[in-house]
Amino acid sequence: MAQQTPYSDKRFLILDDQAEMRSSLRSQVGSLGCEQVTTAASVRDALQKLSVSSVDVILCDFYLGGGTDGQQFLEYLRTRRIIGRGVLFIMVTAEKGYESVVTAAECLPDDYLLKPFTADTLRQRLERLLERKRRLARIDQFQDAGNWSGTVSACDEIIAARDRYLVDALRIKGNALVQSRQVDTAIAFYRQVLSMRSLPWAKLGLARALQQQGGADAAKQLLAELITEAPKLTAAYDLLGKLHQDSGDSDAAIEILDKACLVSPNSLARQRSIAAVAEQKGDFARVEQALGQVIRKTRHSPLRETADFARLGNAYCEIGEAGKAVGLLEEARATGKDAAADPLLAAVEAIAQRKAGNAEKAAAALERALQADPAALTDDAALNLARACLLAGRQDSAQSILRRLVQGNPEAKQLHARITAVLRDNGAPELAEQLVADSIREIVQLNNEAVRRAKAGDVAAAGEMLCEAAHRLPTNLQIMANAALVVYLDILRNGLDSEKLRSAQGFQQAVQAQQPDHPKLAEIASLVEQIRSKYARSE
Amino acid sequence: MQFVDLAALTVHGVKNRLAILAARAEARGDRETLRDALEAAATLSRLLACYKAEKGQLAADIGACTPVDLVGELVAEVRQQTALTISADLERAPELWFYDEHLIRMVVRDAIYNALRYARRQVVIGARTRAGWLDFGVCDDGPGYPPQVLARAAGSWPLSREGTGLGLYLADCVAALHCNNGRCGRVELANTSGAAFHLLLPE
């Protein structure tokens, strides 16, 4: 009879680039009575296996060869939500210290296992970690679902029990308070934790909460202190860099991100942030340096991102290397999965081809870029597409893209400045002054008109106007929230309509996901409650 | 490439070989080979850590840890490698304490390997609270520390061929990295029924 252990029914994935290590690990896991073991030799191989069937435990070697490492793999899995928090990720490494940099808590492995280890040590560690997962399972589910109030109350239960998971629960609770923007509660909570002991994660959390409160200077000071105390906590450098960037000090932002690179030279995420800061600052040589590294490491790996190619191509154009840009962008289009349909890549290629003197190829690339659904464009894609249109003399298309971008983000002053700069620098200075203000006026008028009609009793007409705008501008939360409100009101007054109900729910969920503390959500929830009791009664 | 990077890569390669060797030995119940492989790996870790300590690069990543698990794992690991009686003394161990799990594991493991060399019949590994301190103890029933080791001034350990001095030097470095509220960790040695090694970490 098969041995029954807490882990014998678990599915394992072993990732190691060395065949001997894979088979050694496999037999160690096998000796514990685990039969569902898959092995992978590369990140590509592992991702393919994860797409076929899910696993419970991942044992991943830190060194994976070919410029990739286990930390990059883990960050990729977590940020793309390929694995939930319930999956145990164990990093196998020869030496802790070189590779174990403390990134965002989200992207930390559950544990490090130092080679060599015996099957017996592996067994004990697995038992302990699986017990921890079980104890935190409800919290993990709430976190995966973005249910922060549920997370907080589940944490409170564990905190009250004061067992060995106390500190885990404190850490997760703090994060949940920050995520749900309960700023004052979060600050008081972290101060209380810190009064017991100076813990790096609590200082980092306090800095986040202070930032949310608008105390950027206090947050910066705290982070500078934290970096001295815990120089390996790269998440602190990242946050400090972002704060400098937000206050317009890109030199300080780059300086701090450079320091973080010394601590963790292999982080792709950090090179990408450096590139983003340098791009806004107009330092394209620096963009080239940072993204050049990223592309060298990811070119033949599944960790590659089409946006890196597009941004590097753009940097080449900016430093007068249009020919190089064309080569890179054509390579990206030919070799990347789904890259041919990527609007950012196509827009940048249109610009590069034009600068390189290939008018026909430029026109073809622009056509490809314009195929994309305008409501789904990222800010970068929209800005570059507008540039490409302006360079091709298609001012009307450029205007309509930019107008939509403003109306989708009416509060984003930095984005507005970039939009103005695109118009000014690409032959439309007369529009630069007008477009942002006009677009905002237009959407405010639409909103006011819809509200007026709703108040006058014509909720159906108001709902139609707002729904049209909400579909067009999915990032404008004021429009989205008003659309949800008015459509629910229409349902409450004029009767249940499944299509209207679906669209109102869609708007409500989108607002909830993008800004859980949006002021209109409470009003929306109370309307939903009224609808529920009204139609429940009439059934 | 700097020497330290080359060393790290080499250590990685050698540890991979040792891991395969250890797994094979464990699978066929070969206690001596298992111990040689694991002890050799521990020696390499110690060497790298000493290098980092000397360069001022040894840093503690202090978090909430469970001493009972640390001692439990080490006891189980060592039992597979020796015919001596290895026991755990965890009656007065706290649920949680703050320290760097990997550095402390390395120091306690080194103390255990040292004890294995001198013990006659048994080694006791324990964790207990003692007036605001956590005390990791490794006690054997051997001849005890020689007088020149007991009379040492911290940081100036006499180096022996087995590397005992190196282990104690590292234990001092690691202890000193664990400070809270103005108190820092320390190492205490004594001869009781044999050699008694204590690593004390402040609350």
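The chains referred to below are lettered A, B, ... by the order of the sequence lines, with proteins before strands, and numbering in each begins at 1. Since we're looking at a predicted model, the values are computed, not measured.
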Identify, with sequence neighbours excluded, every residue that meets salt bridge (Lys or Arg N to Asp or Glu O under 4.0 Å) alongside B:Glu101. B:Arg105
Does the plane of the ring in [X] sit parallel, tilted or perpendicular to the ring in [Y]? Use 30° and 60° as the thresholds.
X	Y	value
A:Tyr112	B:His102	perpendicular
A:Trp201	A:Tyr190	perpendicular
B:Tyr99	B:Phe136	perpendicular

On the six-membered ring of B:Trp133, is B:Arg128 placed so that its NZ or CZ lies under 6.0 angstrom from the centre and within 45° of the ring axis? no
Counting heavy-atom pairs closer than 4.5 Å to chain B, which one of A:Val167, A:Val92, A:Thr118 comes out on top? A:Thr118
Picking from A:Arg162, A:Gln124, A:Gln28, which has the most non-hydrogen pairs under 4.5 angstrom with chain B? A:Gln124
Tell me every residue that passes side chain to side chain contact (heavy atoms under 4.5 Å, CB included) with A:Glu127, counting only those two or more places apart in sequence or in another chain. A:Pro6, A:Tyr7, A:Arg123
Test: B:Cys179-B:Cys184 SG spacing under 2.5 Å: yes
Which atoms of [X] are under 4.5 Å from chain A, going by heavy atoms: the side chain, the backbone, both sets, or neither?
X	answer
B:Thr66	side chain
B:Ala23	both
B:Gln80	side chain
B:Glu73	both
B:Ile20	both
B:Leu58	neither

Chain B contact via [X] - side chain, backbone, both or neither, heavy atoms under 4.5 Å:
X	value
A:Leu25	neither
A:Arg128	side chain
A:Glu20	both
A:Arg197	side chain
A:Asp61	side chain
A:Ala230	neither

I'd like to know if A:Asp110 and A:Lys133 make a salt bridge, using a cut-off of under 4.0 Å between side-chain N and carboxylate O. yes
Below 4.0 angstrom, N of the basic side chain to O of the carboxylate: do A:Asp120 and B:Arg79 qualify? no
Would you mind telling me which of B:Leu74, B:Val14, B:Leu18, B:Asp69 has the largest number of heavy-atom pairs within less than 4.5 Å of chain A? B:Asp69
Heavy-atom pairs under 4.5 Å with chain A - which of B:Gly13, B:Ser45, B:Ala27, B:Ala42 has more of them than the others? B:Ser45
Tell me if a side-chain donor or acceptor on B:Thr82 pairs with a main-chain N or O of B:Val78 at a distance below 3.5 Å. no
